[in-house]
2 protein chains.
Amino acid sequence: MLDGKPVFMVKLIVMSSAASNQSSNNASGAGSGVAITASPTFSPLYQQIKALITQSLQSGEWKPGELIPSEVELASRFKVSQGTVRKAIDELSAENLVVRRQGKGTFVATHHEERAHYRFLRLMPDEGEAKQPDNRVVEVKRMRAPAEVARLLDMKSGDSVIFIRRVQSFDGVPTILDELWLPGALFRGLTVERLVEYKGPMYGLFETEFGTRMIRATERVRAVLAEPQVGELLDVQPGTPLLSVERVSFTYGDKPVEVRRGLYRTDTHHYHNELS
Amino acid sequence: MLDGKPVFMVKLIVMSSAASNQSSNNASGAGSGVAITASPTFSPLYQQIKALITQSLQSGEWKPGELIPSEVELASRFKVSQGTVRKAIDELSAENLVVRRQGKGTFVATHHEERAHYRFLRLMPDEGEAKQPDNRVVEVKRMRAPAEVARLLDMKSGDSVIFIRRVQSFDGVPTILDELWLPGALFRGLTVERLVEYKGPMYGLFETEFGTRMIRATERVRAVLAEPQVGELLDVQPGTPLLSVERVSFTYGDKPVEVRRGLYRTDTHHYHNELS
DNA sequence: TAGTGGTCTAGACCACGCT
DNA sequence: GCGTGGTCTAGACCACTAG
């Protein structure tokens with residue numbers, strides 16, 4: 001593997017009589033292969049394989065929804081055992097980067113699936129099943145990044161961002177007011193028309209049309225009072241208590257690519273969370 | 001394993017020439033051992049091992065903080081390979097029921113550790129490191145379960161519950177007002193004195209003094225306005241927006257054992273969440 | 001030095017989905 | 001029937017901890 005280009009550790013394809021094996025103090029727990037480290041930071045083989053697979057995901061070699069090579073093929077490609085590849089994919093699967101389907105193969109995760117639609121939407125109805133909201137895009141414009149947004153997006157203040165404001169309704173009741181800031185360079189060509197035309201989750205649009213896949217996010221939730229302008233959009237009195245949800249979303253390499261501020265009505269819905 | 005007492009599947013210790021192996025249509029993927037099922041519900045061996053270990057945790061055979069038998073010993077006890085035990089413990093570890101420590105062994109998880117203290121407290125300061133709050137117990141009393149509480153605790157309405165009200169402060173600022181309802185039968189003898197005396201997290205007290213370990217919880221978060229009585233306890237004006245966090249905590253076997261309603265000030269703190 | 005969990009391998013069979 | 005992921009085993013060596 002690695003064609004002799006060490007990252008942290010070089011795995012030598014030596015099956016026996018390892019002459020240069022100076023019983024390293026920092027080796028992997030390999031069985032048949034022998035491994036030594038080039039630096040004090042130890043990294044198991046399966047983590048290196050995981051990193052290599054992640055690179056292929058990030059580079060677009062395997063696109064969302066597509067089938068990736070089977071475990072046996074990856075094992076032979078990387079010159080490791082299937083078990084090692086398996087452990088790497090286990091972690092990728094746990095991180096929702098990849099989805100395994102018994103009998104079919106392993107697929108790159110995509111936001112175009114039922115199961116993904118509610119992964120980032122924690123607002124649930126108090127009674128009954130979760131439903132897909134209706135979207136109404138209020139505004140899309142290009143602007144200069146406010147200082148706070150620029151800081152969160154790891155950009156310079158004043159850099160170009162795309163700003164979106166939209167309202168989501170459940171059963172005709174406006175419930176979520178979202179404001180989004182996206183790096184202008186990544187989302188060039190995003191217009192109100194394309195947003196409105198597109199059916200399905202917005203992250204699906206970002207993934208398919210702009211090649212940016214949201215992987216994880218952090219949220220900060222607060223209680224606030226509805227301002228008059230907000231009250232109009234959400235059809236509530238000014239002073240109504242609302243949840244303020246500040247989200248920062250990340251793509252591969254922990255790169256922030258979205259700042260979102262949502263205001264949620266919680267009279268018939270609640271923000272659901274599992275602690276474990 | 002199981003001494004011939006089948007749960008879902010019987011693992012026969014037959015190493016070769018399995019005469020009675022009628023090529024079952026629903027067997028485990030065993031290598032050397034042969035396995036057949038007694039019912040149509042298939043359960044992998046490691047899941048059965050996991051269930052057995054969980055039983056020992058639940059029964060108190062191994063108490064919180066204690067070392068459990070090593071993987072090799074469990075493997076020999078259950079007559080399976082170490083790899084199978086390992087996979088079972090992997091899952092228990094992922095569920096925070098157990099903590100692995102390389103070179104030392106596997107320990108029963110406990111709320112008496114640094115790492116556990118913040119597992120169920122999602123309120124974080126906007127700036128700086130998380131700190132342990134100061135507790136002030138306002139009230140402890142025995143009462144009859146309100147209908148809603150009884151429903152959530154899987155009890156009959158009117159059954160005895162213990163009610164606790166307390167205020168938690170950060171840097172002297174009252175920030176959290178908690179109201180708790182606990183099943184009276186499980187927490188008999190819980191008094192305001194014992195709560196006040198006890199240093200450390202409340203779940204640690206529950207675990208040590210009452211033998212009930214909280215494993216997971218669900219929360220429903222809403223935005224509400226401070227009532228006058230609440231405003232006094234949290235030192236805010238009536239009408240101040242607060243987070244309302246309704247928690248139901250579960251112990252082994254998904255049994256609900258706590259209903260908690262927290263009101264959080266979010267002027268200098270926020271409810272933190274990771275989406276992945 | 002002994003014992004524990006952590007990594008890695010090789011090989012076997014099973015459940016599943018498709019052709 | 002074949003290929004995929006899922007389970008299980010046996011054995012090896014490594015990293016870490018403690019006596």
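Throughout, protein chains are lettered first and strands after them, A, B, ... in sequence-line order, and every chain is numbered starting at 1. For clarity, every value in this text was computed on a predicted model and none was experimentally measured.
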pair_partner(D:dG19), Watson-Crick or wobble, both distances < 3.5 Å, evaluates to none

Should [X] be listed as having a side-chain N or O under 4.0 Å from OP1 or OP2 of [N]?
X	N	answer
A:Lys87	C:dT7	yes
A:Thr106	D:dG5	yes
A:Ser81	C:dA10	no
B:Thr84	D:dC8	no
B:Arg100	C:dG6	yes

Rounded to whole Å, please give me the gap between [atom1] in [X] and [atom2] in [N].
X	N	atom1	atom2	value
B:Phe78	D:dT9	CZ	C1'	17 Å
B:Leu45	C:dA15	CG	P	13 Å
B:Ile89	C:dT4	CD1	C1'	11 Å
B:Glu73	C:dG5	CD	C1'	15 Å
B:Glu91	D:dC8	CD	P	11 Å
A:Lys50	C:dC8	NZ	C1'	18 Å
A:Leu67	C:dC18	CG	P	12 Å
B:Gln82	D:dC13	CD	P	15 Å

Side chain of [X]: nearest nucleotide among [options]?
X	options	value
A:Arg86	D:dG5, C:dT4, D:dC8	D:dG5
B:Val80	C:dC8, D:dT4, D:dT9	D:dT9
B:Tyr46	D:dG5, D:dC8, C:dT7	D:dC8
B:Lys104	D:dC8, D:dT17, C:dT9	D:dT17

**Request:** Compute whether any side-chain donor of one residue and acceptor of the other, for A:Thr84 and A:Ser81, lie under 3.5 angstrom apart.
**Result:**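 Yes, because at least one side-chain N or O of A:Thr84 sits under 3.5 Å from a partner of the opposite role on A:Ser81.
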
I'd like to know whether CD of B:Glu274 has more than 12 heavy-atom contacts from other residues, nucleotides or ligands below 6.0 angstrom.
yes

Do A:Asp178 and A:Arg260 meet the salt-bridge criterion of a basic N to acidic O distance under 4.0 Å? yes

Exercise for the section: With heavy atoms under 4.0 Å as the rule, sort A:Glu71 into base, sugar-phosphate or nothing. Expected result: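 Here A:Glu71 touches the backbone only, sparing every base.
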
Of B:Val85 and A:Gln102, the one whose closest nucleotide on DNA chain D sits nearer the 5' end is A:Gln102

In this structure, NE2 of A:His112 is separated from CD of A:Glu207 (nearest 0.5 Å) by 4.5 Å

Geometric cation-pi criterion A:Arg213 and A:Tyr203, 6.0 Å radius, 45° cone
no

